[in-house]
There are 4 protein chains.
Amino acid sequence: MASLSPLRREDARITRSRRALHAALLALIETRPLEAVTIRAITEAAGVGYATFYRHYPTKAELLNDVAADQIRELVGLSVPALGTAHNTREACRAILRYVDAQRPVWRALLTGGAARAIRAEIIAVSREVTAAVPHRDGWLPTDLSHRFVASAMVELLSWWLEADGRVDVEQGAELLDRLIIAPVVASGI
Amino acid sequence: MASLSPLRREDARITRSRRALHAALLALIETRPLEAVTIRAITEAAGVGYATFYRHYPTKAELLNDVAADQIRELVGLSVPALGTAHNTREACRAILRYVDAQRPVWRALLTGGAARAIRAEIIAVSREVTAAVPHRDGWLPTDLSHRFVASAMVELLSWWLEADGRVDVEQGAELLDRLIIAPVVASGI
Amino acid sequence: MASLSPLRREDARITRSRRALHAALLALIETRPLEAVTIRAITEAAGVGYATFYRHYPTKAELLNDVAADQIRELVGLSVPALGTAHNTREACRAILRYVDAQRPVWRALLTGGAARAIRAEIIAVSREVTAAVPHRDGWLPTDLSHRFVASAMVELLSWWLEADGRVDVEQGAELLDRLIIAPVVASGI
Amino acid sequence: MASLSPLRREDARITRSRRALHAALLALIETRPLEAVTIRAITEAAGVGYATFYRHYPTKAELLNDVAADQIRELVGLSVPALGTAHNTREACRAILRYVDAQRPVWRALLTGGAARAIRAEIIAVSREVTAAVPHRDGWLPTDLSHRFVASAMVELLSWWLEADGRVDVEQGAELLDRLIIAPVVASGI
DNA sequence: CTCTAATCGAGACGGTACGTCGCGTCTTACG
DNA sequence: CGTAAGACGCGACGTACCGTCTCGATTAGAG
């Protein structure tokens with residue numbers, strides 16, 4: 001009845017500004033590499049005052065992380081179920097590629113525009129959470145290395161796949177992802 | 001009569017300046033991330049005039065590439081023999097890790113200081129050369145993807161191994177490198 | 001029936017806010033120069049909402065004028081009588097210095113904190129009123145110049161006297177004020 | 001034969017930039033009050049890069065001081081001789097007003113544009129030098145007060161005189177300056 | 001042994017982006 | 001429904017580094 005929650009109730013203007021900045025960054029990153037995207041350009045594209053950027057993010061990388069995290073969370077939400085229930089890695093890989101395929105422009109921008117590092121960091125973070133949630137037997141592959149390996153290799157594979165621009169279909173991509181990266185790692189822990 | 005060849009007989013001062021710039025960059029990259037290393041700082045550390053930098057390299061990245069290429073060429077010289085003669089991937093991996101181990105400070109600087117991208121590019125270039133030299137049967141793994149996969153994954157593994165800082169010895173590292181990255185790729189092409 | 005007059009019957013809250021702003025400005029001006037006193041700081045020190053400032057004053061200078069005018073009016077009330085009745089300039093000077101002495105912190109803040117300009121303007125305004133009230137014979141000194149001279153010179157002398165910080169007593173200060181500034185001007189008009 | 005002097009030999013570009021900044025400030029100060037003169041506007045008017053300003057002056061006030069000091073030094077050079085030889089204060093005053101008259105636009109800009117404070121500071125500095133050079137008997141007027149009094153009162157008088165815009169000629173102005181400010185102070189020290 | 005020519009250090013310069021700050025307006029949520 | 005809190009657009013600030021350039025001193029090679 002009173003206020004819904006101290007966290008939920010946020011000034012509508014804040015939400016609006018944040019959304020505008022997200023969209024602007026994504027739009028700009030499609031036209032030029034990340035380091036050539038000025039903060040001023042972002043704010044202008046977002047229709048927002050220059051200083052307003054800093055009222056929300058301390059740095060360009062921080063905004064990028066936010067944007068990247070959004071994508072990763074959605075991607076994970078789609079692929080983890082397949083993994084969790086039946087250890088069906090191939091199906092999880094398909095889910096991933098399908099999602100990336102659906103968001104082609106965004107992911108191309110993120111991966112080729114200099115945001116690969118941010119994506120990688122997010123994947124590592126997510127991997128860590130997922131790993132922590134499942135029981136885990138020690139194999140020959142150290143856990144922290146496996147996270148970093150998966151993140152780096154997956155980013156590379158996705159970049160390659162996006163650059164292939166349709167010459168490799170989702171099924172083929174999923175097979176490559178599974179055989180080259182996911183399956184070895186999953187197998188290592190059993 | 002005059003100069004023996006346009007390539008050889010390089011002015012000693014040029015060599016000296018280049019060497020000084022290489023050394024300065026390596027020294028500085030150990031103290032702070034690459035993007036925080038200003039060209040001014042490099043020239044000061046090298047004991048060289050500011051404008052002199054531009055007489056040798058058009059940009060900071062170019063100098064970095066030079067430095068990275070040096071390292072990669074040496075690393076490759078040590079590891080390819082093992083691969084080439086007996087397809088002994090494990091021995092090649094050992095050779096790689098031994099070399100990196102011997103050059104720890106340099107590689108730590110390169111990999112954690114923001115030069116990973118340059119190293120990766122050099123590895124890809126070298127991989128391409130090596131692949132072109134050997135006969136190759138098409139497997140399930142596209143060649144260009146394999147190059148990028150190897151480069152990215154190897155950079156990641158080496159970074160992790162250097163950060164582990166001795167807690168993983170050369171033999172263990174070589175096994176990981178071989179089982180996780182090299183062997184799968186080599187096997188794919190047979 | 002409702003409000004007795006537009007001027008009188010002022011909302012008690014308005015008075016309270018104004019007083020709080022006055023006090024806050026005076027307090028802050030003692031700690032740093034006027035231009036370093038932000039409006040935000042004033043409102044925070046006054047315990048008043050930020051926007052509230054603008055409901056009372058269009059600008060920082062306006063508030064300062066209010067504060068300065070208060071002081072000048074009181075100072076004048078004390079010194080004019082002596083002047084008016086017996087042309088006793090020395091006694092008027094003593095009255096002025098005694099008052100300033102009693103309000104040392106306030107005047108020090110006003111004169112050294114960047115409010116000297118406002119004080120000067122107020123003195124000129126008052127001088128004009130006083131002059132207009134008394135009969136006046138043309139001497140060698142133009143009236144408007146005399147006002148500005150008195151204001152500037154008096155502000156300077158008071159600043160100096162306050163900075164001397166007690167090393168010059170009221171009597172000595174009054175003599176200086178009288179001989180250097182007041183007497184010449186008064187004499188000029190006779 | 002070698003270099004003329006370590007001080008004299010200054011990079012020609014420095015001189016050029018400084019001169020351009022001086023001229024630009026003087027030009028701009030005639031069109032708007034000092035605090036409305038942006039540093040960017042100065043540099044643009046000077047045809048100089050924005051950052052170049054800070055290579056020469058840490059702040060706008062510092063540039064102003066330079067400009068003011070130039071004027072004061074010239075003014076002093078013209079008026080001191082008359083004072084020095086025959087204690088002819090009237091003639092010195094005439095010299096001052098004649099110089100200001102000749103430089104009307106500059107002085108009007110300086111005195112009404114917000115540079116009065118800088119001018120005052122320069123006059124005080126010069127007064128101190130002049131006083132230190134001549135023998136001095138203690139009178140009823142403290143030396144430091146006399147400097148500040150002269151500076152403030154003279155600035156005020158000059159402002160008034162410039163605003164009178166020709167309705168008071170040099171001779172009359174000189175008489176006022178002499179009788180109201182200079183003579184009393186000079187007399188006090190004898 | 002001069003005297004010109006090339007080289008190099010030093011660093012000034014025009015730019016451009018940065019991140020900060022204060023202003024004055026205007027919206028928002030809450031009492 | 002009025003008011004504090006504060007988000008916002010704006011625009012100047014002073015800093016940093018870029019890559020180009022000019023400058024003057026040093027040195028070398030040619031006459």
Side-chain angles (χ1 to χ4, degrees), chain A residues 2-4 6 8-18 20-21 35-44 46-60 62, chain B residues 11 13-14 16-17 35-44 46-60, chain C residues 11 13 17 35-44 46-55 57-61, chain D residues 2-3 9-18 20 35-44 46-60 62:
Chain A
S3 71
L4 293 177
R8 287 269 349 207
R9 296 304 305 147
E10 199 173 45
D11 195 316
R13 292 168 295 179
I14 292 179
T15 314
R16 181 161 23 100
S17 292
R18 288 217 154 98
L21 290 169
E35 68 270 19
V37 176
T38 309
I39 289 183
R40 195 148 244 128
I42 297 173
T43 56
E44 278 168 12
V48 144
Y50 176 64
T52 298
F53 181 93
Y54 295 98
R55 289 179 183 123
H56 296 284
Y57 299 101
T59 191
K60 196 165 58 182
E62 214 63 29
Chain B
D11 193 318
R13 289 167 301 180
I14 291 179
R16 180 162 25 98
S17 292
E35 69 270 18
V37 176
T38 66
I39 290 182
R40 236 164 204 114
I42 296 173
T43 56
E44 277 166 17
V48 146
Y50 176 60
T52 299
F53 181 93
Y54 294 98
R55 289 182 192 119
H56 297 286
Y57 299 100
T59 188
K60 193 165 61 182
Chain C
D11 193 319
R13 288 168 302 179
S17 292
E35 69 270 17
V37 175
T38 67
I39 290 182
R40 229 161 210 118
I42 297 173
T43 55
E44 277 167 15
V48 145
Y50 175 60
T52 300
F53 181 93
Y54 294 98
R55 288 186 195 112
Y57 300 101
T59 188
K60 194 165 59 181
Chain D
S3 71
R9 296 306 302 149
E10 200 174 45
D11 194 317
R13 292 169 295 179
I14 293 179
T15 314
R16 181 164 22 101
S17 293
R18 287 219 155 97
E35 68 270 19
V37 175
T38 309
I39 288 183
R40 196 148 242 128
I42 297 174
T43 56
E44 278 169 11
V48 144
Y50 176 63
T52 297
F53 181 93
Y54 295 99
R55 289 179 184 120
H56 297 284
Y57 300 100
T59 190
K60 196 165 59 182
E62 214 62 29

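Worth knowing before you read on, the calculation uses all heavy atoms, side chains too, and leaves out hydrogens, waters and symmetry mates. No experiment lies behind these values; they were computed from the predicted model shown. Numbered from 1 within each chain, the chains take letters A, B, ... in sequence-line order.
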Using a heavy-atom cut-off of 4.0 Å across all strands, would you classify [X] as base, sugar-phosphate, or nothing?
| X | answer |
| --- | --- |
| F53(C) | nothing |
| G47(C) | nothing |
| V48(C) | nothing |
| A51(A) | base |

| remark: The answer to which of P58(D) and I14(A) contacts DNA chain F further toward the 5' end, by nearest nucleotide, is I14(A)

What is the distance, to the nearest angstrom, from the [atom1] atom on [X] to the [atom2] atom on [N]?
| X | N | atom1 | atom2 | answer |
| --- | --- | --- | --- | --- |
| Y57(A) | dC8(F) | OH | P | 11 Å |
| R16(D) | dC23(F) | CZ | P | 7 Å |
| E44(B) | dG11(E) | CD | C1' | 11 Å |
| Y54(A) | dC21(E) | OH | P | 13 Å |
| E35(A) | dT16(E) | CD | P | 18 Å |

| Do you know which two heavy atoms are closest between A46(A) and A20(A), and how far apart they sit? |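 The answer is CB-O, 3.5 Å.
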
Using a cut-off of strictly less than 4.0 Å, decide whether [X] has a side-chain nitrogen or oxygen near OP1 or OP2 of [N].
| X | N | answer |
| --- | --- | --- |
| S17(A) | dC8(F) | yes |
| T52(D) | dA12(E) | no |
| H56(D) | dA12(E) | no |

| task | Map G49(D) and A41(C) onto DNA chain E by nearest heavy atom, then report which one ends up closer to the 5' terminus. | result |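 Per heavy-atom nearest nucleotide, the more 5' residue is G49(D).
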
| note | Whichever of I39(C) and R40(A) has the more 5' nearest nucleotide on DNA chain E, that residue is R40(A)

Has the side chain of [X] got a donor or acceptor atom sitting under 3.5 Å from an opposite partner on the base of [N]?
| X | N | answer |
| --- | --- | --- |
| Y50(B) | dG19(F) | yes |
| R13(A) | dT28(E) | no |
| R55(D) | dG14(E) | yes |

| Is it the case that T52(B) and R55(B) place a side-chain donor and acceptor less than 3.5 Å from each other? | yes

| field | Residue pair Y50(A), E44(A): steps toward the side-chain contact (heavy atoms from CB on, under 4.5 Å) verdict | value | CA-CA 7 Å; Y50(A) 176 64; E44(A) 278 168 12; over 6 Å; no

| Hey, does T59(D) have a side-chain heavy atom less than 4.5 Å from the side chain of E62(D)? |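 Yes, side chains in contact.
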
| task | Find out whether I42(D) and K60(D) are in side-chain contact, i.e. whether some heavy atom of one side chain is under 4.5 Å from a heavy atom of the other. | result |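 Heavy-atom side-chain distance check passes, below 4.5 Å.
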
